[in-house]
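Structure, as C-alpha cells:
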Amino acid sequence: PALPGTAPPVVVDAFVPADANAIELARRCDGAWELSDFVIGASADTSASVHYRSGTVGEVLEVSAQIGPVPIPRSAEDAVKHPHGFVDPKFKACRLLKGLEGTKQGGAIFQKENTAVLKACGFEQCTADPNLFRIIFDDGGYIIAVVYVDDIFVRYQSPTKGRVDTTFARYCRSFKATRVSEPRRMVGFDIARDRPARKLRVFQTNYVCELYKKYLSSQCSKDFTTPVQSSRCPEFMAMTGATCEEDDRAVADKPFLPLMGGLNWIGWTRPDIKFYNARLCCFMHRPKIENYEAALAVLSYLYTTRDLGLEFSASSNLDGVVYCDSSYNQIPDTFYGHGVWYGGAPVASCSRVLRLGAQSSYESESFAYAGASMSLRFCQQVAVFGGGGFKMPTTIRTDSNGVVLATRNGGVTSRNRHFEKFLRLGRLHYEDNISSPEFVPTSDQCADIWTKALDKTTFLKHRAKLVR
C-alpha cells in the first residue's frame, strides 16, 4: 500500500475466467454476494489507499483506509474478489451479503449458528468451555456433546440412545450432518478403548511416523532415548537464536517453522516434550541451524518412543492432583510449568517462559502455583459439567515451603502489587476449598520436566508419570 504523502499504488488484477465448477459454486453459494462497484486498488487521494492481499481467488480484501468517493466495504471482510464462474468486467468485486466459507468471518458465523441450533435442541452450554454442551434428563440420563470445528463428539448412556436419535434428527433440520461410528482417529490423534478394563488411550503414533518421514527419515542414523542427550543439556539451555546474516543464510532453506508446528501438535499427547518445544519456540522469529538440529533431535526421540501416549483409567486416582514448579534465575530464561492429573494421566499441562520479573525463587514458585491453580479451576468446572468431578480441595504439590506457608496463612506482605495479585489467587482458592498446597521434595517433583532439560535418569523417572 502507498504511504501517506506518496502516489497511490498501481494494481493490475487478472480476473480468472469461468470454469467447470461454476454451476456447483452457484448452487452452494447462491445469494452469498452481490456485484459491487468497489474498485480494487483504487485511491481517491494521495494520502491513503485501498489494497488487498493478492493470490487466492475469493480471498478477503483488506482496506487500509476509508477514503473519498470510492465505495468502501463496511468492514475489511465485506468484499471478495470474483470467484470462479462469476467474473463480470462491469464490476470489480463481490460484496458479501452473508457468510462465505473460506473467509475469516465464516468460522465465527458458523459457530454462532451452531450454538443457537444446539441450544434449540435442548442443550446447555458450559460457561467454562463454550465448545462443551449437555442435556440432563429428569430420569438421570444425559447427552454430552463436544464441538470441534465442524465435528461433534457425543457421549451418552445406552438407555439414552433413542433420545440421541431424536436430538440428531432435530439437529439435521438446520444442518446437513452425517452420523458416524465411535472415533478411532481424528486430526492426527489415535484413540483406543479397552472397555472391560475401563481404559482409554490417546496417542499419535501415526502422526509421529508421518512427521518423521517428512523431515528426518533420510537423515537420521541414530535413535534418541531422550529429547536432549544428558551431556548436551547445558548447551541446549544456553542456546540462542540467529545473530548475524550468516546464521540466517544457514537456516534459510530449512523448514523450521512447520517442523515446530508439528512438534507442538504432538505435545497434546506427549507432555514430556513440552519444555523442549517451548524452549525452541523462543527462536521461531529468527532461528539458526543449531535450533533446527535440536528440533530434529526431539523428533527423533518421538519416533523412537512413538507408541507412548496418555492412558486414562477409571480405576486410577479420580480425586485429581496437580504438580507445579519453576526454575528461578535460569539463564537465559526462567521457565515454569504445571500439570493437572485426572484418571491416571495429565489432562492439562504447560511449559512457559516466566515473564514476571521475579526477585527470588519464592516469587517464581508463587507465580507457577497461581498458573496451576487457574488451570485446575478450569478442569474442575469442565469435569463437573461433564458429570465427573475432582476431590475438593484438590491438592497442588509444590517443592517450595514458602509457597505452602504463604498460601495457607493470609496476610500483608512487602511484595509489589503484581506479585500480590498472583499470591492472592492461590489464597482465595485455598479459602474457598478449591485447592490446597502440599509440599513435595524436589526429587519427587515431576513438574521439573517442564522447567529445564534433565539428565536421562531424572527425565525417564518423571516421564513414567506422564505417558505410558
Side-chain angles (χ1 to χ4, degrees), residues 224-238 267 270-279 298 301 305 308 310-311 313 316-317 319-331 333-354 358 360-373 375-376 391 393-408 426 430 435-468:
F224 286 75
T225 55
T226 58
V228 176
Q229 296 179 11
S230 298
S231 59
R232 303 193 66 177
C233 285
E235 179 183 342
F236 181 85
M237 297 300 297
R270 294 297 302 271
D272 51 321
I273 66 166
K274 282 199 170 181
F275 167 74
Y276 304 92
N277 285 355
R279 184 80 184 94
V298 175
Y301 160 73
T305 60
L308 293 178
L310 302 177
E311 182 176 299
S313 173
S316 299
N317 181 12
D319 293 340
V321 66
V322 184
Y323 287 87
C324 66
D325 194 23
S326 176
S327 57
Y328 172 68
N329 206 24
Q330 183 170 270
I331 303 299
D333 297 308
T334 296
F335 275 79
Y336 74 97
H338 63 259
V340 181
W341 271 255
Y342 187 76
V347 295
S349 59
C350 87
S351 177
R352 297 174 181 169
V353 175
L354 181 63
S360 65
S361 175
Y362 164 61
E363 289 193 2
S364 63
E365 294 282 0
S366 296
F367 186 88
Y369 185 91
S373 188
S375 290
L376 169 63
K391 179 183 177 181
T394 306
T395 300
I396 300 181
R397 293 174 179 168
T398 173
D399 57 0
S400 171
N401 264 319
V403 172
V404 175
L405 294 174
T407 303
R408 291 180 175 175
Y430 174 71
S435 61
S436 177
E438 180 181 289
F439 177 78
V440 62
T442 301
S443 58
D444 297 328
Q445 177 56 279
C446 58
D448 204 30
I449 201 172
W450 295 310
T451 64
K452 60 179 73 71
L454 302 174
D455 62 88
K456 182 177 180 179
T457 302
T458 306
F459 177 84
L460 295 180
K461 174 185 175 181
H462 294 325
R463 189 190 70 180
K465 298 181 180 179
L466 305 180
V467 293
R468 294 181 179 88

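Between W450 and G339, the shortest heavy-atom distance links the atoms CZ3-N, 3.3 Å. In plain terms, the two heavy atoms of K465 and P346 that are nearest each other are O-CD, 4.4 Å. Looking at every heavy atom in both residues, V353 comes nearest to Y336 through O-CE2, 3.8 Å. For the pair A345 and L466, the tightest heavy-atom approach, listed with the atom from each and the gap, is CB-O, 4.4 Å. Taking each heavy atom of S326 and A368 in turn, the nearest pair found is CB-CB, 4.0 Å.
Atoms CD and OG1, from E363 and T334 in turn, are 11.5 Å apart once rounded to the nearest 0.5 Å. Atoms OG and CD1, from S435 and I396 in turn, are 4.0 Å apart once rounded to the nearest 0.5 Å. In this structure, CD1 in I449 is found 10.5 Å from CD1 in I273, a value given to the nearest 0.5 Å. Atom-to-atom distance recorded for D444:CG and R397:CZ is 9.5 Å, nearest 0.5 angstrom.
In terms of the salt bridge (Lys or Arg N to Asp or Glu O under 4.0 Å) criterion, residue partners of D333 (sequence neighbours excluded) are, by chain and number, R279. Contacts of Y430 classified as ring pair (Phe, Tyr, Trp, His ring centres under 6.0 Å), with partners at least two apart in sequence or in another chain: none. Applying the salt bridge (Lys or Arg N to Asp or Glu O under 4.0 Å) test to R408 and every residue at least two apart in sequence or in another chain returns nothing. By the salt bridge (Lys or Arg N to Asp or Glu O under 4.0 Å) test, K456 pairs with no residue at all, sequence neighbours left out. The ring pair (Phe, Tyr, Trp, His ring centres under 6.0 Å) search around F459 returns Y301, not counting sequence neighbours. Qualifying salt bridge (Lys or Arg N to Asp or Glu O under 4.0 Å) partners for D448, counting only residues two or more places apart in sequence or in other chains: K452.
Side-chain atoms of Q445 come within 3.5 Å of backbone N or O of C324 as a donor-acceptor pair. Proximity of a side-chain donor or acceptor of S351 to a complementary backbone N or O of G337 within less than 3.5 Å is not detected. Here the side chain of S327 pairs a donor or acceptor atom with the backbone of T451 at under 3.5 angstrom. Side-chain atoms of S375 never come within 3.5 Å of backbone atoms of A372 as a donor-acceptor pair (strictly under, hydrogens ignored). A donor-acceptor pair is defined here as one N or O able to donate and one able to accept, closer than 3.5 Å; no such pair exists between the side chain of T407 and the backbone of V404. Not one N or O on the side chain of S373 forms a donor-acceptor pair closer than 3.5 Å with the backbone of Y369.
Heavy-atom contacts from other residues, nucleotides or ligands closer than 6.0 Å to CZ of R463 number more than 12.
Taking the ring centroids of W341 and Y323, they lie under the 6.0 Å cut-off.
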